[in-house]
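Written below as structure tokens is the structure these notes are about.
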Number of protein chains: 2
Amino acid sequence: MEIRTLKTFVAVANLKGFSAAARQLNMVQPAVSRQISELEEELGVSLFWRSTREVRITAAGETLLREATEILAQEERARLLVQRTGTGELGRLRIGFLGSAVQAFLPALVREFSARFPQIQVSLFEMTAGELAEALMAGRLDVSLSRPLPPAMADRFESWDIYSDRLVAFLPEGHALASEPCLPVSALSTHPFVLFQRDGAPDLFDQVVSVCNAAGFSPDILAQPNSMQAVLIAVGSGLGVTLAPACIAQLNTSGCLERPLSDQTVPIPLQLHVRPDRAEAGTQAFAALVKGGLGSIRKIMGAGG
Amino acid sequence: MEIRTLKTFVAVANLKGFSAAARQLNMVQPAVSRQISELEEELGVSLFWRSTREVRITAAGETLLREATEILAQEERARLLVQRTGTGELGRLRIGFLGSAVQAFLPALVREFSARFPQIQVSLFEMTAGELAEALMAGRLDVSLSRPLPPAMADRFESWDIYSDRLVAFLPEGHALASEPCLPVSALSTHPFVLFQRDGAPDLFDQVVSVCNAAGFSPDILAQPNSMQAVLIAVGSGLGVTLAPACIAQLNTSGCLERPLSDQTVPIPLQLHVRPDRAEAGTQAFAALVKGGLGSIRKIMGAGG
DNA sequence: ACCACTTATACAAATTTTGTATAATTATCA
DNA sequence: TGATAATTATACAAAATTTGTATAAGTGGT
């Protein structure tokens with residue numbers, strides 16, 4: 001039972017004749033006769049009662065007519081859906097992101113994307129840097145907005161810098177250093193640290209440690225919460241100080257004071273990652289939208305960061 | 001887009017490989033490769049991202065996978081339904097009948113048929129003899145239980161006698177002839193007649209007229225109602241007498257008296273009609289059931305007729 | 001660097017489908 | 001009643017399509 005056969009069958013049934021069907025299908029009557037009789041043989045039923053003067057559909061034929069009509073309609077529907085998916089009119093887009101780093105601009109981006117591609121279903125996944133890398137590698141995400149990827153992954157992906165953040169210090173209110181408007185890293189050397197757990201963001205952890213080393217000390221890490229918000233709560237509770245990207249000031253910082261560092265520290269870029277050999281049309285469209293909006297994103301992040 | 005192609009596609013998608021699909025389908029890898037690439041060309045989308053080490057389905061491919069799976073399931077369903085319809089397990093049976101003539105035995109027949117063929121939908125159509133002939137000819141009925149067909153139609157159909165009825169007289173209660181237990185037709189010569197309208201049952205009408213003629217008079221027909229029940233009501237109301245098959249005593253005869261005729265009149269057979277060149281399996285099964293039950297039908301009709 | 005395994009391509013072989021010619025049947029019309 | 005026109009079925013050759021074989025090219029793992 002092939003689609004072409006069903007088309008022939010439907011034509012015969014609707015036109016009530018083999019010759020008429022052949023004319024409509026731009027083929028020749030014996031070909032129609034053979035297709036139908038082979039279909040009948042395959043199914044083991046007769047589909048038409050035919051004389052030289054009349055072609056009448058059987059009950060089995062009427063059943064097949066109903067089914068075949070549905071199948072042909074579904075074939076057409078499938079063709080349309082597949083083509084639309086191929087061009088990005090239809091589909092899904094799974095975005096992974098670092099919550100605090102994108103909070104200021106991602107909602108507007110997604111809103112604009114959804115307006116332009118209303119048929120693409122957008123899913124948002126907030127994760128840690130480590131989870132993002134893994135999900136991206138495993139194909140559970142189409143794009144991610146996160147920190148630079150580990151070198152082992154970087155060559156499979158295309159990455160664009162979106163904006164650069166910097167490390168700042170967070171202190172509890174009433175801390176000994178609270179009166180300073182700006183701190184050198186070395187000022188923190190004698191204070192206990194709270195740091196985001198290394199698994200969640202290895203690069204950040206290592207960078208903080210190396211910044212401390214460069215300032216002449218090893219941080220005394222007394223806690224490693226599993227979320228940035230928990231780090232800020234710990235700091236706000238007076239448990240210790242932390243060094244973190246400035247963007248986490250977007251979270252709830254009650255009880256915390258933010259202080260810029262007077263040292264020159266390595267910038268912390270936020271990047272857009274896409275695996276080009278797996279990028280669907282919708283993914284590419286989102287990447288293009290981000291790239292086109294870099295200016296306004298940087299303006300927002302430069303101001304509110 | 002052909003069913004065979006879709007089967008190949010689904011195999012590749014599920015097994016995530018061209019070679020594996022080829023093995024499962026008992027074909028060879030290049031054939032699979034070609035089918036897929038031609039499908040991609042036809043649809044204008046790529047369905048898989050492939051390297052020599054991995055085959056990954058695209059978004060368009062996932063869409064097609066969903067659709068193709070449905071199409072294949074429907075194809076299988078269609079095959080099953082068509083075959084069941086062909087063998088009579090599934091289908092419909094449209095029975096036309098003369099109400100009063102079959103009232104005593106048709107319900108039991110239909111009940112038995114439905115029990116044996118529960119998947120066949122039975123439709124019952126009560127009609128006049130004239131309507132039955134027309135509906136049967138036009139293919140709106142599969143079988144009819146009615147009087148002998150007009151000669152022009154008879155050769156297209158197969159007909160079996162079910163039982164034979166006879167003409168009897170119906171008189172109003174208190175009629176001049178009411179005291180006679182049995183009447184010659186000639187006794188009715190001076191009384192006005194009510195006869196079922198000729199269009200509805202031409203043979204019956206003509207037969208009554210010819211019976212009267214044979215008895216030496218022409219009936220004085222003062223009314224021709226369009227249903228047998230209406231004829232009986234007219235008779236019961238004292239409007240006139242009638243001659244009709246005995247079976248109509250099945251109807252409401254209040255105010256009417258039934259009197260057998262002492263004349264030898266032509267029997268009025270009830271027949272089963274089937275058009276053999278259009279008979280579906282279900283229709284044939286019903287005909288066989290009727291033929292097998294002739295004995296008990298005749299017993300019922302001989303007693304209660 | 002080699003091995004094992006994959007997909008893509010080229011070309012010949014096999015299969016399937018189509019088209020031409022023709023037979024057989026049947027309603028219609030003179 | 002016989003001729004006509006229109007229909008479907010069949011046989012066989014031609015065309016088109018599909019498949020299989022051989023082989024190239026690429027990639028991850030040892």
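Below, chains carry the letters A, B, ... as their sequence lines are ordered, and counting in each starts from 1.
Closest contact between the side chain of B/Pro30 and the listed nucleotides C/dT7, D/dA22, D/dA9 involves D/dA22. Set against D/dT19, D/dT8, C/dT7, the side chain of B/Val55 has C/dT7 as its closest nucleotide.
Ring geometry for B/Phe48 against B/Phe9 counts as tilted: the plane angle lies between 30° and 60°, on a 0 to 90° scale.
OP1 or OP2 of D/dT19 has at least one side-chain nitrogen or oxygen of B/Gln35 nearer than 4.0 Å. In terms of phosphate contacts, B/Ser51 brings no side-chain nitrogen or oxygen within less than 4.0 Å of OP1 or OP2 of D/dG26. Side-chain nitrogen and oxygen atoms of B/Ser33 include at least one within less than 4.0 Å of the OP1 or OP2 phosphate oxygen of C/dA8. Between C/dT7 and B/Ser19, a contact under 4.0 Å exists linking OP1 or OP2 to a side-chain N or O. Applying the 4.0 Å criterion to OP1 and OP2 of C/dT6, one finds that B/Arg23 has a side-chain N or O inside that range. Within the 4.0 Å cut-off from OP1 or OP2 of D/dA25, not a single side-chain nitrogen or oxygen of B/Arg50 is found.
By the 4.0 Å N-to-carboxylate-O rule, B/Arg147 lies too far from B/Asp203 to be salt-bridged with it.
No engagement by A/Val32 is indicated, since no non-hydrogen atom pair under 4.0 Å with the nucleic acid exists. When heavy atoms are screened at a 4.0 angstrom cut-off, B/Arg53 is found touching base atoms of the nucleic acid.
Between B/Glu42 atom CD and D/dT17 atom P the separation is 13 Å, expressed in whole Å. Between B/Glu41 atom CD and D/dT17 atom P there is a gap of 13 Å when expressed in whole angstrom units. With rounding to whole Å, B/Asn26 atom CG is found 9 Å from D/dG20 atom P. When the P atom of C/dT26 is taken as reference, atom CD of A/Glu54 falls 12 Å away, rounded to whole Å.
Mapping B/Met27 and A/Arg156 onto DNA chain D via the closest heavy atom, the residue that lands nearer the 5' end is B/Met27.
Proximity of B/Leu90 to B/Ile120: side-chain heavy atoms (C-beta onward) are nowhere separated by under 4.5 Å.
At a cut-off of 3.5 angstrom, the base of D/dT8 holds no donor-acceptor pair with the side chain of A/Thr52. A donor-acceptor contact under 3.5 Å links the side chain of A/Gln29 to the base of D/dA9.
Once rounded to the nearest 0.5 Å, the distance linking CD of B/Glu131 with CG of B/Leu98 reads 10.0 Å.
For the residue pair A/Thr8 / A/Gln35, a side-chain donor-acceptor distance below 3.5 Å is found, with atom types taken as modelled.
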